[in-house]
K.L.:
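Quick one: the structure is below, and I'll ask about it shortly.
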Amino acid sequence: MYVVLTRTARGATALRFDDSRARLGGADAIATAELPAWVERLEREHPRWVWDDTTRWYPHLLAAGVRVGRCVDLRLCHAILRTSALTAESALARAPRGPWDAATPLLERPETHGVLFELDDDPVIDAPIDPVAEFVLQGEAIADSEQPGRIGLLLAAESAGALIACEMKFAGLPWKNDVHERLLADLLGPRPVGVERPARLQKLLDDMRLAVGSTEINPDSPADLLKALRRAGLDVASTRSWELKQLSHPVIAPLLEYKKLSRLLTANGWNWLDTWVADGRFRPDYVPGGAATGRWGANGGGALQLPKQVRGAVVADPGWKLVVADAAQLEPRILTALSGDRRMAEAGRGDLYEGIVASGAVKSRADAKVAMLGAMYGATAGEGGRLMPALTRAFPDAIAMVEAAARAGERGESVTTQLGRSSPLPGEDWRELQESAAADGTEALRRAARGQARSWGRFTRNFIVQGTAAEWALCWMAGLRGRLWELSGGSFVERPHLVFFLHDEVIVHAPAALADSVVEQLRDAAAEAGRLIFGAMPVQFPITTAVVDDYGQAK
DNA sequence: GGGTCTTGCGCG
DNA sequence: AAAGCGCGCAAGACCC
């Protein structure tokens with residue numbers, strides 16, 4: 001059963017539909033204050049809650065102690081259906097762009113006429129949000145698609161991700177201020193008052209001044225720093241760390257140290273702690289579908305860039321554990337399954353990179369890794385480019401798959417993941433350059449067009465792998481979420497629950513006594529995700545797990 | 001005084 | 001050894 005919720009001035013109306021999306025009965029009107037209890041009651045029938053945007057409904061429910069099992073996030077599903085090659089002929093995909101194509105849908109509003117807002121410079125005519133009509137339209141798009149099962153699984157996984165994103169923010173990532181502060185004090189010195197540099201940074205700056213024999217050096221300004229380094233006789237094109245590492249000069253060591261610590265201070269220092277951690281929890285906004293590939297984004301505090309340096313401050317509550325798990329070599333395994341490359345599947349029975357070495361394609365594990373990254377990212381030069389021919393000979397099917405995706409992108413076509421998420425098309429500027437270069441191109445113009453085409457090809461090449469990996473991760477998490485809920489009783493935060501997700505890695509916060517069960521569920525969910533997406537294809541998705549007290553202990 | 005671009009670096 | 005994908009963020013540079 002589906003229950004479609006529509007917001008009204010006083011609360012919501014609910015309409016029920018059966019599993020084939022046929023309408024059941026009349027509408028219920030529920031006042032705002034009654035909504036959590038009403039949802040909780042109906043939840044016993046395990047419906048799929050259909051709403052415009054999970055972030056508009058679910059936080060209130062969670063705050064009221066109500067957790068739901070399943071939902072359809074119409075906004076996220078619309079975004080997928082709008083561009084998917086599997087539903088390109090649907091009425092939804094052919095309709096002009098409207099409020100559902102905005103980054104966040106509009107609330108119901110009095111009907112107005114005329115241009116309401118712009119979407120990528122296209123004016124959009126106002127239309128009231130109608131979740132029921134959108135639900136019907138989406139149902140038709142799915143039913144009429146060539147492969148309803150594929151796209152249906154993707155939409156279910158995406159919607160489950162929307163629930164998880166809200167739940168992770170609600171639960172928060174356990175964070176110990178005192179541990180973090182001790183770490184900062186050890187590395188930087190005491191917290192400075194006002195605008196002065198922390199003692200350790202000031203000392204390094206003094207060392208740098210001594211090394212170049214001048215006080216005219218400001219490491220916080222790349223432009224100034226570059227000038228100062230050149231004045232000191234250093235031949236550098238930029239102030240990037242990897243370039244500075246090549247040089248030997250007394251200024252380099254303190255400068256690199258300064259950069260490292262300065263980064264810690266500005267990105268995850270005392271200000272960060274004051275701004276983003278409250279009540280012992282870090283609560284960023286997770287953004288499902290934030291990247292074109294379907295990967296999540298995050299806002300607030302750089303949640304997806306937590307440096308290894310500070311992970312020790314992520315500490316389980318007393319009596320609880322953190323179960324940290326990541327999918328080993330996920331993207332190359334995804335490529336294996338996508339392409340059906342039997343030899344690569346064989347190589348991936350254990351450590352994939354060792355397997356590639358054993359196949360004779362490359363000499364070392366490090367080479368295998370660089371070669372695989374090169375294949376998935378489109379390396380042309382350097383180590384990756386050099387290793388490509390050997391990799392192509394050993395695994396022709398897998399390489400042919402990414403090469404085909406690259407060629408499609410170079411032609412300006414879209415590519416599609418295993419479950420049906422399609423890449424965006426290049427913009428107007430891209431096409432104009434391609435056309436003008438083809439028509440009356442000077443040599444320089446043709447070169448620019450070729451470079452641009454190759455660049456888009458690298459994007460589509462990577463898209464099918466990164467996007468399908470994101471689908472695997474969503475299915476893994478969605479399955480895990482249900483399994484965790486079944487492990488014990490109690491409220492949401494009393495049971496084992498997800499507190500962090502980073503592309504191919506999750507953290508579960510769990511009562512210590514249940515940690516081993518969580519590990520088991522993580523493995524089962526991973527195996528299930530592979531079966532769901534790839535069926536019988538014999539590709540393994542091993543995960544590594546660690547049961548720890550703090551995140552710094554994992555890996 | 002604001003807004004946007006650039007640089008550099010953190011994560012996968 | 002330093003190119004080849006996807007992101008977010010902070011600070012300075014640069015503009016009006």
K.L.:
NA contact type, A/Gly378, heavy-atom cut-off 4.0 Å: base, sugar-phosphate, or nothing?
P.N.:
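Contact class for A/Gly378: sugar-phosphate only.
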K.L.:
Between A/Trp272 and A/His180, what is the ring plane arrangement, given parallel below 30°, perpendicular above 60°, and tilted in between?
P.N.:
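A/Trp272 and A/His180: tilted rings.
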K.L.:
Describe the nucleic acid contact of A/Gly302 in one word from base, sugar-phosphate, nothing, applying a heavy-atom distance below 4.0 Å.
P.N.:
sugar-phosphate
K.L.:
Please state whether the rings of A/Tyr551 and A/Phe500 are parallel, tilted or perpendicular, taking 30° and 60° as the class boundaries.
P.N.:
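It falls in the perpendicular class, over 60°.
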K.L.:
For residues A/Gln452 and A/Gln434, is any side-chain donor paired with an opposing acceptor at under 3.5 Å?
P.N.:
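There is such a pair (donor and acceptor under 3.5 Å, judged by atom type) between the side chains of A/Gln452 and A/Gln434.
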K.L.:
I need the single residue from A/Arg461, A/Arg295, A/Lys369 that forms a salt bridge (Lys or Arg N to Asp or Glu O under 4.0 Å) with A/Glu331. Which is it?
P.N.:
A/Arg295
K.L.:
Contact class for A/Ala291 vs. all strands (heavy atom < 4.0 Å): base, sugar-phosphate, or nothing?
P.N.:
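Here A/Ala291 touches the backbone only, sparing every base.
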K.L.:
Can the ring centres of A/Trp175 and A/Phe282 be said to be less than 6.0 Å apart?
P.N.:
yes
K.L.:
Show the numbers, then the answer: is there a side-chain hydrogen bond (donor to acceptor under 3.5 Å, both in side chains) between A/Thr293 and A/Gln466?
P.N.:
CA-CA 6 Å; A/Thr293 54; A/Gln466 190 186 115; 2.6 Å; yes
K.L.:
Return whichever of A/Gly297 or A/Gly382 has its heavy-atom-nearest nucleotide of DNA chain C closer to the 5' end.
P.N.:
A/Gly382
K.L.:
Base, sugar-phosphate alone, or nothing: which one does A/Gly290 contact when heavy atoms must sit under 4.0 Å apart?
P.N.:
nothing
K.L.:
Scan nucleotides 4-12 of chain B nucleotide by nucleotide, 5' to 3', and note B when protein non-hydrogen atoms come under 4.0 Å of the base, S if they reach only the sugar-phosphate, - if neither.
P.N.:
---SBBBSB
K.L.:
Pick base, sugar-phosphate or nothing for A/Ala303, based on heavy-atom distances below 4.0 Å to the nucleic acid.
P.N.:
nothing
K.L.:
Side-chain N or O of A/Thr293 less than 4.0 angstrom from OP1 or OP2 on C/dC7?
P.N.:
no
K.L.:
Describe the nucleic acid contact of A/Asn299 in one word from base, sugar-phosphate, nothing, applying a heavy-atom distance below 4.0 Å.
P.N.:
sugar-phosphate
K.L.:
Please determine, by modelled atom types, if A/Thr416 and A/Ser422 share a side-chain donor-acceptor pair under 3.5 angstrom.
P.N.:
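On atom types as modelled, these side chains qualify, holding a pair under 3.5 Å.
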K.L.:
Can you measure from CD (A/Glu243) to CG (A/Leu229) and round to the nearest 0.5 angstrom?
P.N.:
10.0 Å
K.L.:
Could you tell me the separation between the CD atom of A/Glu243 and the C1' atom of C/dA3, rounded to a whole number of Å?
P.N.:
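To the nearest whole Å, that distance equals 14 Å.
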K.L.:
Does a side-chain N or O of A/Arg458 approach OP1 or OP2 of C/dC5 to a distance below 4.0 Å, or not?
P.N.:
yes
K.L.:
Side chain of A/Thr266, heavy atoms from C-beta onward: which of C/dC9, C/dG6, C/dA11 has the nearest atom to it?
P.N.:
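It is C/dA11.
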K.L.:
To the nearest Å, give me how far apart CG (A/Asp220) and P (C/dA11) are.
P.N.:
9 Å
K.L.:
State whether a side-chain donor-acceptor pair under 3.5 Å links A/Asp220 with A/Tyr258.
P.N.:
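Yes.
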K.L.:
Pairs counted as Watson-Crick or G-U wobble with both distances under 3.5 Å: what dot-bracket string results for DNA chain C, using | for bases tied to another strand?
P.N.:
....||||||||||||
